[in-house]
Every structure is written in structure tokens, then in C-alpha cells.
Amino acid sequence: RKIMVIDGKVAFNGGVNFADEYINKVKKFGHWKDTAVRLKGDAVTSFTLMFLQMWNIDEKTPEYDQYLKAAQSAEYEKNAQTISGYVMPYADCPLDGEKVGESVYMDILYRANSYVHIMTPYLILDGELLAALKYAAQRGVDVKLILPGIPDKISAYALAKTHYFELVKAGVQIYEYTPGFVHAKVFVSDDEKAVVGTINLDYRSLYHHFECATYMYKTDCVADIEEDYRITLEKCRQVTFETIRREKLWLKLLGQFIKLIAPMM
């Protein structure tokens, strides 16, 4: 989880950690592409609660009320009637048996009418998510994936490529970010819904980690998220059957070998 809450009035959520490469002060893997959202109003309370729940695993906070009853910002109260759409922060926990992160992504894929545009640093899919991506593309939905052009983990990079042929064959368009590494976790669909958060398309993120994200429905900023996606897409190279064929043999073999332990990644 990546959560910052300030005075109970403002929250930030996205892929950004506290490290110099996230602001491109240090470039370990080329240009680092990431995303985050800033929230005000009632949604901030949800992130405050997520933080306190995690804090309470080890440290004890006896009184939540002093944090949860923080006053809404005057700016939010002033503009509350003009804000469009709905915002729903949500958390995923590996201890409750509920696959919230995966369920949200699959719901977007199955309900999409026009497009689903995705950015993710890792692509390590189970059968259900693979089927959802393929089915969306096969019924005419414009499904695009932006993945890293320069990997931070060669094993995850090789494993992601094992899915390329099957996805491209089904009509999914895959792109690799040529300037560097994509760490953004974004779903945007049909100009009306978007998710920005910490949840990758891999086993560890979907099933083994504590994660969180922000779901936005018919909010004005969905258009901004799609515009950022379009700008990022212009800096990418498209994966084709030919580029898949020309991949290095050792990378293909590594991917197939690591696929044996994919649920651990």
C-alpha cells in the first residue's frame, strides 16, 4: 500500500514510493513512469482507516475517532455540489479470502463497451484474468496494455512475455514503454471509470500483498487519466508477432522456466 494522509483532509494514493528513482532524480531503469491521485473530502477517511488498520497490526492506537472525525476542508465543502461522479477507495488483504483487487479489474474488463486501457509494471496472469483480457478483446473492446520497455526485474520481464503471443492473437494490443520503466498501476475504461493505485497484474499483488487503490466513476479526472495514457502510448513500441518471434531465445526459455513458479511472483 502507498498511502499519505494529511490532517484528515487530503490523501494521496498511487504507485509512488519514497525513493529517488520515483521522481527521476536517479535513473536506474531509464525514465520512471508512475501515477498517483490526490483526494479531498469523505474519501480521505477511507485512507485514514486503511492506515490505522495497518498501524494497529503492530502498534496500538486505542482511539481512532480523533483521526476519523477530521473536518472536511473548506474548499471541499464549498465545491461539494459541483463535484461530479463517485470516488471509492478500497483495500485488499491477503488474510480475508476475498480477491478484491482482481474482482475490480475483472469487473471493468467484463463490463467494458468501448475500451479498457491498462498500465502495469508486471504481467503474471492466472487463467481467470487471462480469459477476461482475451474475452474483452474478442468481443470488440479496444484492450491496450502498456508495460515496461526497460525492466527492473528480468525474471518478471521474461515471465510477462510468455503471455504476449496468446494475448496478441486474441486481439489485445501490447505496448512497451521505450524510455524506461512503467511502475504505474492504471485501468481506465469507456471515458467513465478508472482505477489508480498499487495493484499490479501479478500473483503477489493480487493475492499475497496488502494493497489499495482508488476507483473513480464518472468523475471529471477520468478524462485526464485517459489523456495521460494517450501521451504515454506515443512513447511506446507495439508488440507484434514479428517482435515476439525475434525475442532472444534465452529470454523465452527463462520465461517458460520461471512460469513453473509463477504463483510465487
Side-chain angles (χ1 to χ4, degrees), residues 2 11-16 31-39 43 46-47 83-92 100-123 125 129-130 132-149 160 163 167-168 170-177 179 181-202 205-206 211-239:
K2 285 87 167 164
F12 292 86
N13 174 229
V16 184
H31 182 269
W32 192 284
K33 168 63 182 178
D34 221 321
T35 53
V37 292
R38 184 184 70 170
L39 303 99
S46 297
F47 282 114
I83 294 173
S84 65
Y86 301 89
V87 176
M88 181 183 295
Y90 63 95
D92 208 350
V100 180
E102 182 181 49
S103 296
V104 170
Y105 285 163
M106 290 181 64
D107 182 74
I108 292 173
L109 286 165
Y110 281 122
R111 291 178 182 270
N113 294 312
S114 178
Y115 73 85
V116 180
H117 293 163
I118 302 165
M119 272 193 273
T120 182
Y122 311 115
L123 190 70
L125 304 172
L129 262 174
L130 182 62
L133 286 162
K134 290 167 57 180
Y135 177 66
Q138 287 166 341
R139 62 187 177 85
V141 175
D142 173 28
V143 181
K144 287 186 173 70
L145 287 165
I146 294 179
L147 295 156
H163 298 298
L167 288 170
V168 172
V172 176
Q173 298 175 60
I174 301 175
Y175 296 83
E176 294 180 333
Y177 182 65
F181 183 68
V182 168
H183 192 252
K185 304 94 164 58
V186 172
F187 267 59
V188 58
S189 178
D190 293 348
D191 294 335
E192 67 176 17
K193 61 186 72 169
V195 171
V196 175
T198 71
I199 307 172
N200 304 312
L201 288 178
D202 63 14
S205 192
L206 293 169
E211 302 278 6
C212 62
T214 303
Y215 186 102
M216 293 155 278
Y217 179 70
K218 292 188 176 180
T219 58
D220 292 337
C221 64
V222 171
D224 297 325
I225 296 169
E226 173 60 16
E227 175 65 9
D228 177 70
Y229 193 95
R230 185 194 64 76
I231 293 170
T232 305
L233 196 65
E234 293 175 353
K235 303 173 183 178
C236 297
R237 59 174 176 259
Q238 186 169 5
V239 173

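Note: hydrogens, waters and symmetry copies are ignored here, and every other heavy atom, side chains too, is used.
- Atom CD of residue Glu102 and atom CG of residue Leu201 lie 9.5 Å apart, to the nearest 0.5 angstrom.
- Annotation for Tyr110: atom OH counts as buried by contact number, over 12 foreign heavy atoms lying within 6.0 Å.
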Side chain to side chain contact (heavy atoms under 4.5 Å, CB included) between Val186 and Asp228, intermediate numbers included: CA-CA 10 Å; Val186 172; Asp228 177 70; 6.0 Å; no
Side chain to side chain contact (heavy atoms under 4.5 Å, CB included) evaluation trace for Tyr90 with Ile199: CA-CA 11 Å; Tyr90 63 95; Ile199 307 172; 3.9 Å; yes
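- Side chains of Val188 and Ile108 form no contact here, defined as non-hydrogen atoms less than 4.5 Å apart.
- For the pair Tyr229/Thr35, no side-chain contact is recorded, criterion being any heavy-atom separation below 4.5 Å from C-beta on.
- Arg139 is linked by a salt bridge (charged side-chain N to carboxylate O under 4.0 Å, His left out) to nothing, counting only residues two or more places apart in sequence or in another chain.
- Within the model, atoms CE of Met119 and SG of Cys236 stand 8.5 Å from one another, a figure rounded to the nearest 0.5 Å.
- Shortest non-hydrogen contact noted between Thr214 and Val87 is CG2-CG1, 3.6 Å.
- Here the shortest heavy-atom pairing between Phe47 and Ala11 reads CD1-CB, 4.0 Å.
- Without hydrogens or angle criteria, Thr198 side chain to Cys212 main chain gives a donor-acceptor distance under 3.5 Å.
- By the side-chain hydrogen bond (donor to acceptor under 3.5 Å, both in side chains) test, Asp142 is found to be paired with His117, Lys144, Gln173, residues two or more places apart in sequence or in another chain being considered.
- Here the straight-line distance linking atom OG of Ser103 with atom CG of Leu206 works out to 9.5 Å at 0.5 Å rounding.
- Taking CD of Glu176 as the reference point, atom CD of Gln238 lies at 11.0 Å (rounded to 0.5 Å).
- With a 4.5 Å cut-off on side-chain heavy atoms, Tyr177 and His31 count as touching.
- The backbone N or O of Gly197 lies less than 3.5 Å from no partner atom in the side chain of Asn13, so there is not a single donor-acceptor pair.
- Using a 4.5 Å heavy-atom cutoff, the side chains of Lys33 and Lys235 are not in contact.
- Across Ile146 and Val182, no two heavy atoms sit closer than the pair CG2-CG2, 4.0 Å.
- Every residue two or more places apart in sequence or in another chain was checked for a salt bridge (charged side-chain N to carboxylate O under 4.0 Å, His left out) with Asp34, and none qualifies.
- The main-chain N or O of Pro89 is never found under 3.5 Å from a side-chain atom of Ser46 such that the two would form a donor-acceptor pair.
- With rounding to the nearest 0.5 Å, the separation of OG1 in Thr232 from OH in Tyr175 is 13.0 Å.
- Nearest heavy-atom pair across Gly171 and Ala137 is C-CB, 3.7 Å.
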Side chain to side chain contact (heavy atoms under 4.5 Å, CB included) evaluation trace for Met216 with Val196: CA-CA 8 Å; Met216 293 155 278; Val196 175; 4.0 Å; yes
Working for side chain to side chain contact (heavy atoms under 4.5 Å, CB included), residues Ile174 and His163: CA-CA 10 Å; Ile174 301 175; His163 298 298; over 6 Å; no
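- For the pair Thr120/Leu147, a side-chain contact is recorded, criterion being any heavy-atom separation below 4.5 Å from C-beta on.
- Ring-plane geometry between Phe187 and Tyr105 is classed as parallel, the angle between the planes falling under 30 degrees on a 0 to 90 degree scale with a further cut at 60.
- Ion pairing between a basic and an acidic side chain is recognised when a charged N comes within 4.0 Å of a carboxylate O; Glu226 and Arg230 show no such pairing.
- In terms of heavy-atom proximity, Ser84 sits nearest to Thr219 at O-CG2, 3.5 Å.
- Val172 and Leu145 make their closest contact through CG1-CD1, 4.0 Å (heavy atoms, listed as atom of the first residue, atom of the second, distance).
- Atom CZ of Arg237 is surrounded by more than 12 heavy atoms from other residues, nucleotides or ligands within 6.0 Å.
- Side-chain atoms of Asp202 do not come within 3.5 Å of backbone N or O of Leu123 as any donor-acceptor pair.
- Atoms OG and CG, on Ser205 and Asp92 in that order, are 8.0 Å from each other to the nearest 0.5 Å.
- Between Pro121 and Lys185 the shortest side-chain heavy-atom distance falls below 4.5 Å.
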